Novice: 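Once you've had a glance at the structure underneath, I'll fire off some questions.
In listed order, ligands and their atoms are each counted from 1. Here, residue 1 is the first one in the sequence, and each next residue gets the next number. Keep in mind that this is a model prediction, so the values were computed, not measured. Computed over heavy atoms, backbone and side chain alike; hydrogens, waters and symmetry mates excluded.
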Amino acid sequence: MRIVMKFGGTSVGSAAAIQQVVSIIKHWARKHQVVVVVSAMNAPHLRTTDTLIDAAHAAAAGDSAAAADAAPRLLDLYMQAARELASPEECQTLEPQLRAMFDYISDLARSIAVLGELTPRALDLISGQGERCNARLIAAAIRSAGVAAEALDATDLIITNDQFGRALPRMDETRTHSTRRLQPLLEQGIVPVVTGFIGATEDGIPTTLGRGGSDYTCAILGAVLDANEVWFWKEVDGVMTTNPKIAPDAHTIAALSYVEMAELSYYGANVLHPRTVYPVVRREIPIRILNTFNPSHPGTLITRDGGAGAVKAVTAIKNVSLITVGGPGMLGLTGVAARIFAATARAGANTLLITQASSEQNVCLVVPRSESAAAVAALRRELAPDVAHYDIDHVDVLEPVVVVAVVGSGMRGTPGISGRVFGALGDHGINIIAIAQGSTEYNISLVVADQDGDEAVRVVHRAFALA
Ligand code: ASP
Ligand code: MG
């Protein structure tokens with residue numbers, strides 16, 4: 001079997017964590033062809049990518065000392081870990097490589113400070129250095145543990161467009177490059193350790209795939225290498241039925257479908273972003289979410305069909321605002337919905353939920369609370385003429401409220417699910433302010449008052465025996 005597996009920043013955030021990662025790789029590489037993708041070290045006191053990005057911005061503002069100060073601290077972080085994890089010979093080879101990288105960053109920062117300008121291209125060059133260091137460090141640690149491994153920069157593997165900061169892969173070229181470089185290593189039983197997050201244009205100019213982009217790297221490589229499975233090692237046992245801080249009886253979901261994963265990622269559950277894993281989802285490659293710090297736990301398996309069960313999870317988005325636009329003249333007034341959403345978008349507010357009953361007397365939308373004031377102001381401006389004509393008589397906001405989402409693809413075509421949701425909430429005296437369900441029937445979203453949010457989650461969690 002061929003497995004592409006990614007370790008996130010926290011999973012490689014300290015020498016002890018990397019030690020754990022090495023033993024996981026050692027275990028699996030004995031049985032399977034394993035390709036490893038790594039993030040930069042996300043150490044609690046020194047988050048590599050954030051530190052590099054901050055230093056780059058500081059340089060653009062004229063402060064080149066910020067990078068000159070960050071570089072040795074980062075070098076120290078990686079070399080200290082190396083001394084714990086890798087043989088003295090490995091450390092001797094590693095140290096000048098990493099030093100050269102950080103010197104390069106300091107030089108770059110000085111040029112940025114002189115120019116007084118940070119281009120997206122330069123930012124990508126700087127922000128991706130952590131992954132380059134970490135791939136080398138982890139490959140050295142794996143070799144020191146007696147397993148053949150080789151560090152590779154994804155700039156040689158993943159070919160992207162030139163949208164710096166959020167580059168998109170060119171899959172055909174990426175397949176050619178990745179297969180050519182990685183296939184021979186895999187055939188010789190060597191573990192490739194690939195940098196997450198970065199790629200390069202056809203001309204070899206480094207790019208990044210967006211923040212958190214290592215997941216994307218893993219999915220891209222999984223797809224182009226025709227992996228049998230793609231694994232994401234995180235610091236949780238998998239996807240949970242709900243937030244355990246709200247419902248202590250929450251537990252890991254054994255099996256999910258791709259659509260359920262996509263629904264859940266929307267709600268801040270610690271899940272994969274649907275855009276990010278699209279390359280493997282499209283090819284229907286099974287995904288696992290596993291825990292670096294509890295590796296014997298089976299985690300969550302995500303496939304096209306998912307497991308049984310109508311409702312899989314209940315989630316809550318807190319601190320959101322319900323905006324209502326209503327009035328007697330809205331019935332049959334065409335174009336008003338378009339204007340409402342256009343105004344909200346112009347205000348930069350992200351709409352999380354929309355409802356309108358067929359009486360057309362009002363339209364409700366939910367936006368993050370931090371965006372509601374701007375959205376309401378934009379709506380009042382946009383709709384002022386309609387208010388003057390008495391077509392619209394209010395643009396109100398209720399905040400904070402909570403959106404509770406009940407997710408599961410088995411709800412589709414299963415009668416009675418919403419009845420059970422509403423019945424359970426009603427039995428507990430919880431009032432529902434607004435409701436939305438898309439016609440895919442994968443998700444029922446309810447708006448409840450702030451003080452009812454946690455109880456609503458617990459009640460629904462219990463009603464579907466998710467506990
Ligand atoms: N190191 C990058 C970031 O922090 C990529 C990643 O961790 O996935 O955004
Ligand atoms: Mg990360």
Novice: Scan side-chain atoms only and decide if Asn443 and Ser445 contain a donor-acceptor pair under the 3.5 Å cut-off.
Specialist: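 Yes.
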Novice: Kindly check if the number of other-residue, nucleotide or ligand heavy atoms within 6.0 Å of CZ (Phe293) is above 12?
Specialist: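 Result for CZ/Phe293: enclosed.
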Novice: Determine, considering heavy atoms only, which of Ser11, Ser214, Gly9 sits nearest to atom 6 (C) of ligand 1.
Specialist: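 Heavy atom nearest to atom 6 (C) of ligand 1 belongs to Ser214.
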Novice: Show which side-chain atoms of residues 104-116 pair as donor or acceptor with protein atoms under 3.5 Å away, not counting sequence neighbours.
Specialist:
| unit_1 | atom_1 | unit_2 | atom_2 | d |
| --- | --- | --- | --- | --- |
| Ser106 | OG | Phe102 | O | 3.2 |
| Asp107 | OD1 | Arg110 | NH2 | 2.8 |
| Ser111 | OG | Asp107 | O | 3.0 |

Novice: If we only consider heavy atoms of Gly130, is any one of them less than 4.0 Å away from an atom in ligand 1?
Specialist: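 Not so, Gly130 does not reach ligand 1.
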Novice: Near Glu131, which atoms of ligand 1 are under 4.0 Å from a heavy atom of that residue?
Specialist: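 It comes down to these atoms of ligand 1: 1 (N), 2 (C), 5 (C).
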Novice: By number and element, which atoms of ligand 1 are closer than 4.0 Å to a non-hydrogen atom of Arg211?
Specialist: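 Here the atoms of ligand 1 in question are 3 (C), 4 (O), 9 (O).
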Novice: Below 4.0 Å from ligand 1: does a non-hydrogen atom of Arg47 turn up there or not?
Specialist: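 Flag not set, Arg47 not near ligand 1.
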Novice: Out of all atoms in ligand 1, which are within 4.0 Å of some heavy atom of Gly213? Include the element for each.
Specialist: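 Once the distances to Gly213 are compared, the set is 5 (C), 6 (C), 8 (O).
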Novice: Can you confirm whether the side chains of Thr195 and Glu131 place a donor and an acceptor under 3.5 Å from each other?
Specialist: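 No, Glu131 and Thr195 have no side-chain donor paired with an acceptor closer than 3.5 Å.
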Novice: Going by salt bridge (Lys or Arg N to Asp or Glu O under 4.0 Å), name the pairs with one or both residues in residues 75-92, residues two or more places apart or in two chains.
Specialist: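 Checked against salt bridge (Lys or Arg N to Asp or Glu O under 4.0 Å) - neighbours excluded - the pairs reaching residues 75-92 are Glu90-Arg143.
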Novice: Quick one: does Gly212 get a heavy atom under 4.0 Å from ligand 1?
Specialist: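 In this structure, Gly212 qualifies as a contact of ligand 1 - some heavy atom is under 4.0 Å.
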Novice: To check you understand the geometry: which heavy-atom pair defines the closest contact between Pro279 and Arg275, and what is its length?
Specialist: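 Minimum heavy-atom separation between Pro279 and Arg275: CD-O, 4.1 Å.
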Novice: Would you mind finding which of Ser39, Gly8, Gly128 brings a heavy atom closest to atom 7 (O) of ligand 1?
Specialist: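 Nearest heavy atom to atom 7 (O) of ligand 1 lies in Ser39.
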